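Data block below; observations after.
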Amino acid sequence: PPSAPADPTAPPPRALGPPPLGSVGAAPRAEGRPSAACPEQEECSVSADTVLAPLRAALDACRATVQKQVCNDIGRRLTVLEDAWAQGKLSAPVRKRMSLLVQELQQQHWDAADEIHRSLMVDHVNEVSQWMVGVKRLIAETRALPTGE
């Protein structure tokens with residue numbers, strides 16, 4: 001009898017299952033919701049203009065120093081990007097990374113912009129190959145501009 005009361009007090013702490021069950025239960029709920037799968041939902045729905053306006057502005061800044069033929073080629077490729085975006089042909093990761101690339105470009109973080117360009121070429125080559133060459137050239141030409149813009 002004296003050992004019986006001690007045994008019931010020991011097992012309950014070991015039998016406390018709810019905390020593990022609670023954490024296990026939280027993960028499937030998060031996975032089950034599509035919105036949770038893309039926590040950066042706002043950035044996933046980046047507008048084409050948010051990306052294209054700064055790219056076109058960068059192109060305009062280059063026109064004074066870069067050959068007309070090169071600028072025209074970049075412009076054509078930006079139009080291909082714009083069309084693909086408008087037709088919904090770009091996945092959310094590509095749109096999000098292009099938004100990040102443009103932010104780096106605007107802050108003159110050339111290496112970071114270049115790195116995002118490379119990762120897009122590696123991870124999404126079929127999606128970006130037709131227009132990314134123009135973006136790469138635009139990064140290079142913008143980088144080479146005289147710093148007194």
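Note that the structure is a prediction, hence the values are computed from the model and not measured.
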(message) Any non-hydrogen side-chain atom of His124 less than 4.5 Å from a side-chain atom of Arg97?
(response) yes
(request) Give a yes or no on this: more than 12 heavy atoms of other residues, nucleotides or ligands lie within 6.0 Å of atom CD of Gln69. (result) no
(request) Look at the side-chain heavy atoms of Ile, Leu, Val, Met, Phe, Trp and Tyr, link any pair under 4.5 Å apart, and say whether Val133 and Val70 land in one connected group. (result) no
(request) Nearest 0.5 Å please: distance from the CG atom of Asn72 over to the CZ atom of Arg63. (result) 6.0 Å
(request) Heavy atoms only: give me the nearest Ala61-Leu145 pair and the separation to one decimal. (result) O-CD2, 3.8 Å
(message) As an exercise, state the distance from CH2 of Trp131 to CG of Leu55, rounded to the nearest 0.5 Å.
(response) 9.0 Å
(request) Would you confirm whether Arg77, through its side chain, and Gln130, through its main-chain N or O, come within 3.5 Å as a donor-acceptor pair? (result) yes
(request) Measure the CG-CH2 distance between Asp49 and Trp85 for me, rounded to the nearest 0.5 Å. (result) 10.0 Å
(request) Find the distance between CD (Glu141) and OG1 (Thr65) and round it off to the nearest 0.5 Å. (result) 7.0 Å
(request) Would you please name every residue forming a side chain to side chain donor-acceptor pair (under 3.5 Å) with Glu127, sequence neighbours left out? (result) Ser91
(message) Less than 4.0 angstrom from a charged side-chain N to a carboxylate O is my criterion; do Arg118 and Asp114 meet it?
(response) yes
(message) Taking the basic N atoms (NZ, or NE/NH1/NH2) and the acidic carboxylate oxygens, is any pair closer than 4.0 Å for Arg143 and Asp111?
(response) yes
(request) Determine whether Arg95 and Val51 make a side-chain contact, defined as any pair of heavy atoms from C-beta on separated by less than 4.5 Å. (result) no
(request) Side-chain contact test, heavy atoms from C-beta onward, threshold under 4.5 Å: evaluate it for Val46 versus Met98 and give yes or no. (result) no
(message) Are Trp110 and Leu120 connected into the same hydrophobic cluster when the rule is that any two of I, L, V, M, F, W, Y join if their side-chain heavy atoms are below 4.5 Å apart?
(response) yes
(request) Verify side chain to side chain contact (heavy atoms under 4.5 Å, CB included) between Thr142 and Leu59, making sure each step is shown before the conclusion. (result) CA-CA 8 Å; Thr142 308; Leu59 177 58; over 6 Å; no
(request) Answer whether the closest heavy-atom distance between the side chains of Leu81 and Val128 falls below 4.5 Å. (result) no
Give the table of side-chain donor-acceptor pairs shorter than 3.5 Å for residues 100-107, with sequence neighbours excluded, one pair per line with atom names and distance.
unit_1 : atom_1 : unit_2 : atom_2 : d
Glu104 : OE1    : His109 : ND1    : 2.7
Gln107 : OE1    : His109 : ND1    : 3.3

(message) Nearest 0.5 angstrom please: Asp123 CG to Ile116 CD1, how far?
(response) 12.0 Å
(request) Mark yes or no for whether Arg137, through its side chain, and Ile74, through its backbone, hold a donor-acceptor pair below 3.5 Å. (result) no
(request) Indicate the atoms forming the closest heavy-atom contact of Ser47 with Thr50, along with that distance. (result) OG-OG1, 2.5 Å
